[in-house]
Amino acid sequence: INKNISELINKTKEFQDKINKLKRDNANKKSNSWNKLNQVQQLKEEQNKLQEQIKNLNKEMEESIKNKNQLSEIDKEILEKQEKIEELLNELMDEELQNMLDELMELMKENNKEATQEELNKLDENAEEIKNKLDRSLEMLKRMQVDEKLNDIEKELEQLAKEQDDLNEKTDDKKEDQKQKIKEQEEINKKIDEIKKELEKLNEMNKNLEKPLNLDETKEDQNEINNELNNAEQNLQNNKNKKAGKNQKSASQKMKSLAQ
């Protein structure tokens with residue numbers, strides 16, 4: 001969807017460039033009438049293509065909304081943002097631009113240069129408004145995707161903290177197999193490494209926002225969690241279960257804190 005909106009923004013800019021060229025040609029007394037009419041016809045064809053792309057983009061957004069099931073409260077907030085983007089795109093699905101191009105064609109046939117120039121100025125303003133709405137839609141979409149990614153990571157951290165708490169209970173139990181404890185701790189450590197990679201992706205996505213979220217403060221927490229988990233694994237391997245238990249509890253608490 002991001003790629004499609006970006007393409008639409010670029011095509012709208014190209015559309016504006018062609019309007020401005022037509023404005024210059026219209027102001028030029030030596031310009032050919034047939035050539036200008038041909039340019040308007042091309043603009044009409046491109047406008048139809050733009051409308052078709054916006055229509056397809058709307059369908060993509062609708063499908064994406066339908067696919068979001070079993071929503072939690074934070075998911076509903078994300079869904080509301082997605083619906084706002086869809087509303088913004090729906091505003092672009094009117095016939096105003098098409099009507100303006102039809103009016104422009106008639107004025108050119110009448111060779112009314114002054115009225116034609118006024119209509120071209122209106123057309124340029126309308127195209128600028130479309131581009132601005134697409135810019136807003138793209139920014140809202142990128143922010144929504146950052147929120148969604150953040151939400152997913154928070155859920156993963158909460159789940160991992162639960163797994164660490166469960167292992168912590170086993171660590172205190174001398175009847176539990178030590179090799180199995182070490183194996184489970186290794187699995188948790190691998191999962192936190194994957195979450196760290198996801199956090200790096202989130203940071204990259206966040207940097208692309210006009211107003212990025214403040215995510216830098218999580219780095220210290222990530223490093224502390226990593227240290228506690230590595231120490232827990234090492235202590236389990238050395239049969240220092242009491243120390244390992246403390247590391248596990250600390251790691252779990254920090255995960256829960258990071259998830260909030």
- Just wondering, are more than 12 heavy atoms of other shown residues or ligands nearer than 6.0 Å to NZ in K44? yes
- Would you call E204 and K207 a salt bridge, taking side-chain N to carboxylate O under 4.0 Å as the test? yes
- Close side-chain approach of N230 and Q234, heavy atoms under 4.5 Å: no
- Straight-line distance of S137 OG to I5 CD1, nearest 0.5 Å: 5.5 Å
- Message: Applying a strict under-4.5 Å side-chain criterion to I, L, V, M, F, W and Y, I'd like to know whether L229 and L236 cluster together.
- Response: no
- Task: For side chain to side chain contact (heavy atoms under 4.5 Å, CB included), just list the numbers for Q180 and K183, CA-CA rounded to whole Å, side-chain angles, deciding distance to a tenth of an Å, and then say yes or no.
- Result: CA-CA 5 Å; Q180 183 60 29; K183 186 181 176 183; 4.2 Å; yes
- Message: Testing the basics here: between I19 and L123, what is the closest heavy-atom pair and its distance to 0.1 Å?
- Response: CD1-CG, 3.7 Å
- Task: Step by step, work out the side chain to side chain contact (heavy atoms under 4.5 Å, CB included) result for L213 and R143.
- Result: CA-CA 9 Å; L213 302 172; R143 176 57 193 265; 3.2 Å; yes
- Query: So does K133 have more than 12 non-hydrogen atoms from other groups sitting under 6.0 Å from NZ?
  - Reply: yes
- Query: Are I195 and V146 linked, directly or through other ILVMFWY residues, by side chains that come within less than 4.5 angstrom of each other?
  - Reply: yes
- So do the side chains of M108 and V40 get within less than 4.5 Å of each other, counting heavy atoms only? yes
- Message: Looking at L22, is its backbone amide N or carbonyl O close enough to the side chain of N26 to form a donor-acceptor pair, meaning the two atoms are under 3.5 Å apart?
- Response: no
- Task: Could you state whether L107 and M100 fall into the same hydrophobic cluster, counting links through intermediate Ile, Leu, Val, Met, Phe, Trp or Tyr residues with side-chain heavy atoms under 4.5 angstrom apart?
- Result: no
- Do the side chain of S257 and the main chain of Q253 share a donor and acceptor less than 3.5 angstrom apart? no
- Item | Pair E163 + K191: basic N to acidic O under 4.0 Å | yes
- Query: Got a donor-acceptor contact below 3.5 angstrom from the N151 side chain to the D147 backbone?
  - Reply: no
- Task: Would you check if there is a donor-acceptor pair between the side chains of D124 and Q16 at a distance under 3.5 Å?
- Result: yes
- Pick one: which of K249, Q185, Q159, E184 meets side chain to side chain contact (heavy atoms under 4.5 Å, CB included) with Q164? Q185
- Note: K254-E228 ion pair, threshold 4.0 Å (strictly below): no
- Contact summary for N35 and D25, nearest pair of heavy atoms: ND2-OD2, 4.2 Å
- Query: Can we say K149 and E198 salt-bridge, meaning some charged N sits less than 4.0 Å from an Asp/Glu carboxylate O?
  - Reply: yes
- Query: So, D165 and K170, do they make that salt bridge, N to O below 4.0 Å?
  - Reply: no
- Classify the side-chain pair N121/K23 by whether it contains a donor and acceptor separated by less than 3.5 Å. yes
- Message: With rounding to the nearest 0.5 angstrom, report the NZ to OG distance, K142 to S6.
- Response: 7.0 Å
- Task: Answer yes or no: are there more than 12 heavy-atom neighbours, outside K243 itself, under 6.0 Å from its atom NZ?
- Result: no
- Message: Would you say that E186 contacts E233 through its side chain, given a criterion of any heavy-atom pair below 4.5 Å between the two side chains?
- Response: yes
- Heavy atoms of other groups near E103 CD, more than 12 under 6.0 Å: yes
- Determine whether L57 and E60 make a side-chain contact, defined as any pair of heavy atoms from C-beta on separated by less than 4.5 Å. yes
- salt bridge (charged side-chain N to carboxylate O under 4.0 Å, His left out) between K21 and D17: does it pass, once the steps are laid out? CA-CA 6 Å; K21 182 183 181 301; D17 289 341; over 6 Å; no
- Query: In the single-linkage hydrophobic clustering (I, L, V, M, F, W, Y; side-chain heavy atoms under 4.5 Å), do I192 and I182 co-cluster?
  - Reply: no
- Message: So E128 and N132, do their side chains get closer than 4.5 Å, heavy atoms only?
- Response: yes
- Note on the structure: Tightest non-hydrogen contact, residues T12 and A127, listed as CG2-O, 3.5 Å
- Item | side chain to side chain contact (heavy atoms under 4.5 Å, CB included) between N226 and N189, intermediate numbers included | CA-CA 8 Å; N226 241 46; N189 291 12; over 6 Å; no
- Message: Let me confirm one number: the CD-CG distance from Q41 to L101, rounded to the nearest 0.5 Å.
- Response: 9.5 Å
- Message: Between K131 and D135, does any side-chain N to carboxylate O distance fall below 4.0 Å?
- Response: yes
- Query: Salt bridge between K162 and D166, side-chain N to carboxylate O under 4.0 Å?
  - Reply: yes
- Item | Option passing side chain to side chain donor-acceptor pair (under 3.5 Å) with Q248 (candidates N168, N231, D172, N235) | N168
- Query: For the atom pair CD (E148) and CG (L141), what is the distance rounded to the nearest 0.5 Å?
  - Reply: 9.5 Å
- Item | Check against side-chain hydrogen bond (donor to acceptor under 3.5 Å, both in side chains), T171 and N241 | CA-CA 6 Å; T171 299; N241 286 17; 5.9 Å; no
- Message: If you compare all heavy atoms of S252 against all heavy atoms of A161, which two are closest, and at what distance to 0.1 Å?
- Response: OG-O, 3.4 Å
- Message: Does atom NZ (K113) have a neighbourhood of more than 12 heavy atoms from anything else shown, all under 6.0 Å?
- Response: yes
- Query: How close do N111 and S33 get, heavy atom to heavy atom, and via which atoms?
  - Reply: OD1-OG, 4.4 Å
- Query: In Å, rounded to the nearest 0.5 Å, how long is the span from CG of N112 to CD of E118?
  - Reply: 8.5 Å
- Is L50 reachable from L134 through a run of I, L, V, M, F, W or Y residues, each pair having side-chain heavy atoms under 4.5 Å apart? yes
- Step by step, would you call K122 with E125 a salt bridge (charged side-chain N to carboxylate O under 4.0 Å, His left out)? CA-CA 5 Å; K122 288 179 189 175; E125 287 172 9; over 6 Å; no
- Query: Is the backbone of K175 close enough, under 3.5 Å, to the side chain of D173 for a donor and an acceptor to pair up by distance?
  - Reply: yes
- pair M140-M144: side-chain heavy atoms closer than 4.5 Å: no
- On a heavy-atom basis, the closest approach of L43 and F15 is O-CE1, 3.3 Å
- Message: As a quick check of understanding, evaluate side chain to side chain contact (heavy atoms under 4.5 Å, CB included) for L157 and K256, giving each step before the final call.
- Response: CA-CA 7 Å; L157 280 166; K256 289 170 187 172; over 6 Å; no
